[in-house]
Amino acid sequence: MAHAEATLHQDDKGPCALILSGGGARAAYQVGVLLAVARIWRHGEANPFPIICGASAGAINAAGLASRASDFQSSVRHLARSWLLLSPERVYRASVPALLKSAGHWVISVLAGGLGERNPKSLLDNAPLRDLLSELVDFEGIGRAVDDGSLLALSITASGYTSGQSVSFYQGAPTLPDTWQRASRIGLRAEISVDHLMASSAIPLVFPAARINREYFGDGSVRQIAPLSPAIHLGASKLLVIGVAPHAEPPGREKVNEYPSLAQVAGHLLNSVFLDSLEADLERVQRVNNTISLLSEEVRAAHRTALRPLQVLTIAPSRPLERLVMPHRKRFPPGLRFLLGGLGAFRRQGSVLSSYLLFHGDYVRQLVKLGYRDAMKRRKELECFLAD
């Protein structure tokens, strides 16, 4: 999708927003696109995206950008350096002893019928990620960016395990609303902290949930039925959406004899969490705005509707990202590589799972390069989009 139209609940034209979707290690693709934007952007240090919204790993990128929003180019370079220096050990503990301990806990809990003091929380322990986030994001810088006008709002979405709501926590200018609420989703003003990022990036069952106030929260892409909604509620008039799934026709159904591996099933579930809701929301945007385009300004004024077109530009991978992970499978820690191999994650149909979990500089570099190339191929579109 190049340019689409959406609804806006304001009469005045609002600022441009950046939407960063989830996808685990795949979010490195977004960094490549942002490097291209930083090259194209002609207004020096100014931030072209006063509103930045993210979920899951996209929330980490969003917070990293927002915390240094007063110097956009420098912020993007800092984000890129941090990704390129990644190793799995900086994100989760996957040594053989750690995995044996985790697996043993699951087995004992199942055999004991859950009678133990503590049930297992997740497959992997992502405690190292907390330290990494503290280095990547200057949380006090978010407030400074809001105060100096470089940033209007940062929104981080997480999923409440008790309430079942998709909650968008946002920090921004005092002129913004204190809350909004729709079916199964809500926006709440908050001071963004490392806990919000830990919660938003907590892939179900893979990483443990994080507690914020009264509730435990997990990955922000879970039950996020309207990923574009936070930006619209915060007043955006145009959106740059960076996805992590290629826009392509689904492959034709073909006869298969081999039963799907556990990795293939898990990858299918992760895709449904991270990818499907964004695609559905973009399609919804097109349908609504196609309808709006049929109404004259006089008719809209007579019915006192506040709906108006919203410009959307989407950048997505030109090829499936799981195809890039296979040459780098030996970069997984030995214990995790053994586990994933047993699940079938290194077979062609199971590689989707691997592509979400390989936080390694070599794989990241390939994603960044692809993102940069894809964005530069659409340089004229980006220049026109950013020009206004």
Side-chain angles (χ1 to χ4, degrees), residues 17-22 24 27 30 47 49-70 75 78-79 82-83 86 90-92 121-122 124-148 150-163 165-174 176-180 185-204 206-222 224 230-231 233-234 359:
L18 176 67
I19 308 294
L20 299 174
S21 63
Q30 300 168 351
N47 176 25
F49 308 110
I51 298 173
I52 304 177
C53 304
S56 190
I60 296 174
N61 288 337
L65 283 177
S67 66
R68 295 172 174 82
S70 58
S75 179
H78 175 75
L79 192 63
S82 299
W83 273 93
L86 268 185
R90 299 212 67 193
V91 179
Y92 48 74
K121 296 179 179 179
S122 61
L124 299 175
D125 178 5
N126 64 344
L129 178 60
R130 182 175 290 270
D131 294 332
L132 177 62
L133 293 177
S134 297
E135 298 174 13
L136 174 64
V137 182
D138 177 10
F139 290 97
E140 293 183 357
I142 298 171
R144 291 195 299 270
V146 172
D147 292 340
D148 68 23
S150 302
L151 182 70
L152 180 63
L154 166 67
S155 172
I156 302 298
T157 300
S159 180
Y161 279 125
T162 301
S163 65
Q165 289 182 317
S166 176
V167 182
S168 295
F169 299 97
Y170 61 96
Q171 181 175 350
L176 296 173
D178 288 332
T179 186
W180 71 77
R185 50 194 169 93
I186 188 172
L188 295 175
R189 185 183 288 274
E191 185 172 336
I192 301 300
S193 68
V194 68
D195 290 332
H196 294 91
L197 300 186
M198 293 294 290
S200 185
S201 59
I203 301 175
V206 178
F207 297 140
R211 183 168 187 143
I212 302 175
N213 300 327
R214 298 167 296 178
E215 190 174 5
Y216 280 98
F217 288 85
D219 197 286
S221 295
V222 177
Q224 190 184 31
H233 281 290
L234 291 169
F359 294 90

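Position 1 is the first residue of the sequence, and the numbers go up from there.
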Handout entry: Flag for S163-E215: side-chain donor and acceptor within less than 3.5 Å
Key = yes
Problem - Parallel, tilted or perpendicular: rings of W180 and Y170 (30°, 60°) - result: parallel
Practice task
Report, as yes or no, whether the 6.0 Å neighbourhood of atom OH on Y216 holds more than 12 heavy atoms from other residues, nucleotides or ligands.
Solution key: no
Problem - Donor on one side chain, acceptor on other, H196 and S193, under 3.5 Å - result: yes
Problem - Considering all heavy atoms, the nearest G172-V146 contact - result: C-CG1, 3.6 Å
Completion exercise
Output for pair (L197 CG, I60 CD1), nearest 0.5 Å, gives 6.0 Å
Practice task
State, with a plain yes or no, whether a side-chain heavy atom of S166 is found less than 4.5 Å away from one of Q224.
Solution key: yes
Exercise for the section: To the nearest 0.5 Å, tell me how far D147 CG sits from L151 CG. Expected result: 10.0 Å
Problem - L188 vs V167 side-chain heavy atoms within contact, under 4.5 Å - result: yes
Practice task
Scan side-chain atoms only and decide if S168 and T157 contain a donor-acceptor pair under the 3.5 Å cut-off.
Solution key: yes
Exercise for the section: With rounding to the nearest 0.5 Å, note down the distance linking CH2 in W83 to CD in Q30. Expected result: 7.5 Å
Practice task
State the CD1-CZ distance between I156 and F169, to the nearest 0.5 angstrom.
Solution key: 10.5 Å
Exercise for the section: Heavy atoms only: give me the nearest S56-D219 pair and the separation to one decimal. Expected result: OG-OD2, 2.8 Å
Handout entry: Check: I192 main-chain N/O paired with Q171 side-chain donor or acceptor under 3.5 Å
Key = yes
Handout entry: Any side-chain heavy-atom pair of S201 and L129 under 4.5 Å
Key = yes
Exercise for the section: Indicate the atoms forming the closest heavy-atom contact of L20 with A62, along with that distance. Expected result: CD1-N, 3.6 Å
Exercise for the section: Could you tell me whether a side-chain N or O of R211 sits under 3.5 Å from a main-chain N or O of N213, the two making a donor and an acceptor? Expected result: yes
Completion exercise
When every non-hydrogen atom of A202 is compared with those of F207, the smallest separation belongs to CA-CB, 3.9 Å
Completion exercise
Rounding to 0.5 Å, atoms OG (S150) and CZ (F49) come to a distance of 14.0 Å
Problem - Pair R130 + D195: basic N to acidic O under 4.0 Å - result: yes
Exercise for the section: Any chance you could measure H233, atom NE2, to L176, atom CG, to the nearest 0.5 Å? Expected result: 12.5 Å
Exercise for the section: Return yes if some donor-acceptor pair links the side-chain N/O of T179 with the main-chain N/O of G187 below 3.5 Å, else return no. Expected result: yes
Problem - Greater than 12 external heavy atoms within 6.0 Å of E135's CD - result: yes
